[in-house]
**Student:** 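First the structure, which I've put down as structure tokens, then a few questions once you've had a look.
Below, read A as the first sequence line, B as the second, and so on, with proteins coming before strands; counting in each chain starts at 1. The figures here come from the full heavy-atom set of this structure, side chains too, leaving out hydrogens, waters and symmetry mates.
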2 protein chains.
Amino acid sequence: MSHSKHNHSEKLNLVLSHLPEDSLLCDLGDLFKVFGDTTRMRILFALFQSELCVCAIAEVLHMEQSAISHQLRILREAKLVSSRREGKTNIYFLADDHVRAIIEMGYEHLTEKA
Amino acid sequence: MSHSKHNHSEKLNLVLSHLPEDSLLCDLGDLFKVFGDTTRMRILFALFQSELCVCAIAEVLHMEQSAISHQLRILREAKLVSSRREGKTNIYFLADDHVRAIIEMGYEHLTEKA
DNA sequence: CTATCATATGAATATAAGTTCATATGAATG
DNA sequence: CATTCATATGAACTTATATTCATATGATAG
């Protein structure tokens with residue numbers, strides 16, 4: 001039992017009733033979690049410039065192929081990037097423009113608050 | 001040494017040269033990390049409805065005051081929420097409209113991809 | 001069909017992050 | 001000024017996450 005001396009139940013029930021379902025809140029959290037990592041952010045910015053194969057991303061970021069591959073899987077599952085095969089290589093590219101839009105919003109917030 | 005049989009150095013140098021500084025990429029990642037948690041997402045949605053004191057948030061979310069307080073600190077440090085004191089209580093509210101905008105973008109991405 | 005390059009994946013490890021518990025701070029009230 | 005309510009904070013614990021290493025898959029060329 002928390003501090004229930006207060007009785008704000010009418011208001012709180014209203015707030016509660018307008019909360020989205022937990023599944024949506026969870027999905028939203030999971031989506032932003034994907035943006036919440038420097039390596040993935042660097043991959044996305046690299047792909048802003050050009051579509052790239054896995055080993056190219058690894059070279060650009062000076063990281064191991066395996067680490068990149070693991071992160072690309074997370075980005076793919078979140079539908080932030082897609083890939084196509086070309087011979088032996090897998091070319092990755094941004095899935096759509098939401099990625100840019102979301103990151104730009106974040107950038108605006110950062111620069112305004114700095 | 002990774003798979004350097006490829007020589008895409010011209011292109012890769014170009015991509016590399018257009019990457020933002022690591023400090024920015026890190027700040028962006030850190031910002032989105034704040035959105036990347038269900039509890040914080042629930043707090044933000046609660047605050048979409050109304051400014052609320054800590055114990056009200058705890059009640060609405062059926063969580064302990066301490067857990068909420070810890071998460072509010074993270075939201076405060078990211079400048080996503082602000083607070084003011086009112087007597088014994090601390091009232092929290094959204095710091096600005098970037099919060100809504102960013103979450104709406106995420107929501108759009110989710111619904112389009114579903 | 002074997003060797004090689006490109007990528008993916010599983011297990012292991014290390015680090016980060018969220019919640020709880022206990023307690024400290026800070027304001028109001030009698 | 002002692003008590004109570006509201007919030008904050010530090011430490012401990014637990015769970016999640018990122019990277020590495022070793023290896024598997026998959027495609028191509030010889």
**Student:** Going from CE on Met105(B) to CD1 on Ile102(B), what distance comes out if it is rounded to the nearest 0.5 angstrom?
**Tutor:** 9.5 Å
**Student:** Round to a whole Å and report the spacing from CG of Leu72(B) to P of dT7(D).
**Tutor:** 10 Å
**Student:** Has Tyr92(B) got a side-chain N or O lying under 4.0 Å from the OP1 or OP2 atom of dA8(D)?
**Tutor:** yes
**Student:** Under the salt bridge (Lys or Arg N to Asp or Glu O under 4.0 Å) rule, collect the residues that match up with Glu104(A), sequence neighbours excluded.
**Tutor:** none
**Student:** Of Arg85(B) and Gly87(A), whose nearest nucleotide on DNA chain D comes first from the 5' end?
**Tutor:** Arg85(B)
**Student:** Quick one: Met63(B) CE to dT7(D) C1', roughly how many Å, whole number?
**Tutor:** 15 Å
**Student:** Run the side-chain contact (heavy atoms from CB on, under 4.5 Å) test against Lys88(B) and tell me which residues pass, sequence neighbours left out.
**Tutor:** none
**Student:** Sequence neighbours left out, what passes ring pair (Phe, Tyr, Trp, His ring centres under 6.0 Å) with Phe48(B)? Give chain and number order.
**Tutor:** Phe45(B)
**Student:** Sequence neighbours left out, what passes salt bridge (Lys or Arg N to Asp or Glu O under 4.0 Å) with Arg84(A)? Give chain and number order.
**Tutor:** Glu51(A), Glu86(A)
**Student:** End-to-end bend of the helix from dC1(C)-dG30(D) to dG30(C)-dC1(D) (five-pair axes, 10° rounding)?
**Tutor:** 20°
**Student:** List for me each residue that meets ring pair (Phe, Tyr, Trp, His ring centres under 6.0 Å) alongside Phe35(B), sequence neighbours excluded, and say none if there are none.
**Tutor:** Phe32(A)
**Student:** With sequence neighbours left out, write down each residue that passes side-chain hydrogen bond (donor to acceptor under 3.5 Å, both in side chains) with Ser23(A), or none if nothing qualifies.
**Tutor:** Glu21(A)
**Student:** From CD of Gln71(A) over to P of dT19(D), roughly how many Å is that when rounded to an integer?
**Tutor:** 5 Å
**Student:** Not counting sequence neighbours, which residues clear salt bridge (Lys or Arg N to Asp or Glu O under 4.0 Å) with Asp37(A)? List them please.
**Tutor:** none
**Student:** I need the CG-P distance between Asn90(B) and dA27(C), as an integer number of Å.
**Tutor:** 10 Å
**Student:** Check the interface with nucleotides 9-14 of chain D: list each N/O to N/O pair with the protein under 3.5 Å, or write none.
**Tutor:**
| from | atom 1 | to | atom 2 | distance (Å) |
| --- | --- | --- | --- | --- |
| dT9(D) | O4 | Ser66(B) | OG | 2.7 |
| dG10(D) | O6 | His70(B) | NE2 | 2.8 |

**Student:** So if I take residues 26-44 of chain B and measure heavy-atom distances to DNA chain D, which residues fall below 4.0 Å?
**Tutor:** none
**Student:** What pairs with Phe93(B) under ring pair (Phe, Tyr, Trp, His ring centres under 6.0 Å), at least two apart in sequence or on another chain?
**Tutor:** none
**Student:** Take the protein atom CD1 of Ile57(B) and the nucleotide atom P of dA6(D), then report the distance between them rounded to whole Å.
**Tutor:** 14 Å
**Student:** Between dG26(C) atom C1' and Glu86(B) atom CD, what is the distance in whole Å?
**Tutor:** 16 Å
**Student:** Is there a side-chain contact between Leu61(A) and Leu19(B), using heavy atoms and a 4.5 Å cut-off?
**Tutor:** yes
**Student:** Which nucleotide in the set dA27(D), dA27(C), dT7(C) lies at the smallest distance from any side-chain heavy atom of Lys88(B)?
**Tutor:** dA27(C)
**Student:** For Asp27(A), check salt bridge (Lys or Arg N to Asp or Glu O under 4.0 Å) against everything at least two apart and list the hits.
**Tutor:** none
**Student:** Have a look at Ile74(B) and say if it touches a base, only the backbone sugar-phosphate, or nothing, with a 4.0 Å heavy-atom cut-off.
**Tutor:** sugar-phosphate
